Amino acid sequence: MNKKLFREQGKSVLRSYSNEEKSSIEQALHNHLFFSHAWKYANVIAVTVSFNQEWDTYTIIKKAWEQSKSVVVPKCDPKTKQMIFYSLTGFDQLESVYFGLKEPSPHKTKPVNKEVIDVVIVPGLLFDRNGYRIGYGGGFYDRFLKEFKGKSLSILSNEQIIDEIPTEPFDIPVNLLITEDGLNNLKKI
């Protein structure tokens, strides 16, 4: 099992879209997300801040604020491989960290206990129909999801779905996949 090759395949898929294709897919992803039960009934949404070719999450964050939902964003500790989520009420609370990623500044916002999070939107590069994913390789989300009691979902294109993701005992699947074609419930949520 070579997850590195899968990661490269996933990155290649994301890079392959023209700006017009990407925009069209994102619009469909956002529409399906915003009409999902997971979104409608969530008060606290956890989401990363999108980077490079990733699917746009700025629109998701803005929509959550418009609907008076709380948004929490993770700060990753590469040493402990843990994520701490911080409340985000404005993009000015973000700081650039390694590789230009945007994370919350602990000096400008407050940490939030994961028990208050209703829905976490989990990033990934490739997925299978069981909700297993190839992420960016840190294992942050698998550690987080192991103890998480809320709903987990991912937004992705149909091209990011493959037959089977090689799994290890510590891999945790998401509950819901949202593609440009709609929702795929994987576990009762």
Side-chain angles (χ1 to χ4, degrees), residues 3 7 10-11 14 26 29-30 33-34 36 38-39 41-127 131-156 160 165 168 170-178 186 189:
K3 288 188 175 182
R7 276 187 199 94
K11 289 177 185 177
L14 290 173
E26 283 174 335
L29 294 175
H30 293 151
L33 172 63
F34 300 147
S36 71
W39 177 270
Y41 296 106
N43 292 314
V44 180
I45 309 279
V47 63
T48 58
V49 178
S50 54
F51 182 69
N52 284 344
Q53 286 85 25
E54 293 177 332
W55 301 112
D56 169 44
T57 61
Y58 284 88
T59 299
I60 294 169
I61 293 167
K62 290 176 192 171
K63 184 67 148 187
W65 289 337
E66 285 171 19
Q67 295 181 351
S68 299
K69 295 179 187 292
S70 296
V71 175
V72 297
V73 177
K75 183 150 191 74
C76 299
D77 183 339
K79 291 181 183 132
T80 65
K81 300 282 188 183
Q82 299 295 316
M83 294 187 300
I84 298 172
F85 284 85
Y86 288 82
S87 177
L88 188 74
T89 58
F91 292 118
D92 61 335
Q93 295 172 321
L94 297 171
E95 63 184 4
S96 288
V97 293
Y98 46 94
F99 307 115
L101 293 169
K102 298 281 188 188
E103 289 187 347
S105 169
H107 305 293
K108 295 181 180 178
T109 187
K110 295 181 177 141
V112 173
N113 192 317
K114 70 179 172 185
E115 280 77 28
V116 304
I117 300 171
D118 298 307
V119 171
V120 61
I121 300 173
V122 181
L125 295 166
L126 291 176
F127 300 80
Y132 287 101
R133 54 184 261 291
I134 296 287
Y136 291 89
F140 291 96
Y141 275 92
D142 288 316
R143 284 182 194 84
F144 176 80
L145 291 173
K146 183 178 179 185
E147 307 277 326
F148 182 61
K149 303 293 185 224
K151 297 168 182 69
S152 60
L153 63 87
S154 293
I155 58 172
L156 59 140
Q160 289 176 270
I165 297 288
E168 298 177 78
F170 54 79
D171 291 329
I172 308 290
V174 296
N175 304 124
L176 176 68
L177 297 178
I178 298 178
L186 305 167
I189 68 169

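Hydrogens, waters and symmetry mates play no part in the numbers below; they use all other heavy atoms, side chains included. Values in this document were obtained by computation on a predicted structure and should not be read as measured data.
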Rounded to the nearest 0.5 Å, what's the gap from CD1 on Ile134 to CD on Gln160? Could you check?
-> 12.0 Å
Apply side chain to side chain contact (heavy atoms under 4.5 Å, CB included) to Tyr141 and Ile172, showing your working.
-> CA-CA 8 Å; Tyr141 275 92; Ile172 308 290; over 6 Å; no
To the nearest 0.5 Å, how far apart are CD in Gln82 and CZ in Arg143?
-> 6.5 Å
Could you tell me which non-hydrogen atom of Thr57 sits nearest to which non-hydrogen atom of Ser50, and how far apart they are?
-> OG1-N, 2.7 Å
Chi angles and distances behind the side chain to side chain contact (heavy atoms under 4.5 Å, CB included) call for Leu153, Val174 | CA-CA 5 Å; Leu153 63 87; Val174 296; 5.7 Å; no
Could you check Arg133 against Val122 for side chain to side chain contact (heavy atoms under 4.5 Å, CB included), going step by step and ending with a plain yes or no?
-> CA-CA 9 Å; Arg133 54 184 261 291; Val122 181; 3.3 Å; yes
Between atom OG of Ser36 and atom CD1 of Ile178, what is the distance when rounded to the nearest 0.5 Å?
-> 4.5 Å
Return the set of residues passing salt bridge (charged side-chain N to carboxylate O under 4.0 Å, His left out) with Glu54 (not counting sequence neighbours), or none when no residue passes.
-> none
In short, Pro173 meets Tyr132 closest at the heavy-atom pair CD-CE2, 3.6 Å
Measure across Lys69 and Ala42 and return the closest heavy-atom pair with its distance rounded to 0.1 Å.
-> NZ-O, 2.6 Å
Could you walk me through whether Lys114 and Val120 pass side chain to side chain contact (heavy atoms under 4.5 Å, CB included), step by step?
-> CA-CA 10 Å; Lys114 70 179 172 185; Val120 61; over 6 Å; no
Taken to the nearest 0.5 Å, the spacing of Trp55 CH2 from Ile121 CD1 works out to 14.5 Å
Please check if atom CD1 in Ile84 has more than 12 non-hydrogen atoms from other residues, nucleotides or ligands closer than 6.0 Å.
-> no
Mind checking ring-ring contact (aromatic ring centres under 6.0 Å, His included) for Phe51 and listing every partner two or more places apart, or none if nothing turns up?
-> none
Let me have the donor-acceptor pairs involving side chains of residues 87-94, under 3.5 Å, with sequence neighbours excluded, atom names and distances please.
residue	atom	partner	partner atom	Å
Thr89	OG1	Gln93	OE1	3.3
Thr89	OG1	Gln93	NE2	3.1
Gln93	OE1	Thr89	N	2.6
Gln93	OE1	Gly90	N	3.2
Gln93	NE2	Lys108	O	3.2

Side-chain contact test, heavy atoms from C-beta onward, threshold under 4.5 Å: evaluate it for Ile60 versus Ile155 and give yes or no.
-> yes
Would you please name every residue forming a side chain to side chain donor-acceptor pair (under 3.5 Å) with Ser96, sequence neighbours left out?
-> Lys102
Contacts of Phe148 meeting ring-ring contact (aromatic ring centres under 6.0 Å, His included) (sequence neighbours excluded), chain-then-number -> Phe144
How many angstroms lie between CD1 in Ile117 and CD1 in Ile45, if you round to the nearest 0.5 Å?
-> 10.0 Å
Ala64 versus Val71, closest heavy-atom pair with distance = CB-CG2, 3.5 Å
Count the heavy atoms belonging to other residues, nucleotides or ligands that lie under 6.0 Å from CZ of Phe34, then report whether that count exceeds 12.
-> yes
Mind checking side chain to side chain donor-acceptor pair (under 3.5 Å) for Asn43 and listing every partner two or more places apart, or none if nothing turns up?
-> none
How long is the span from the CZ atom in Phe140 to the NZ atom in Lys81, to the nearest 0.5 Å?
-> 5.0 Å
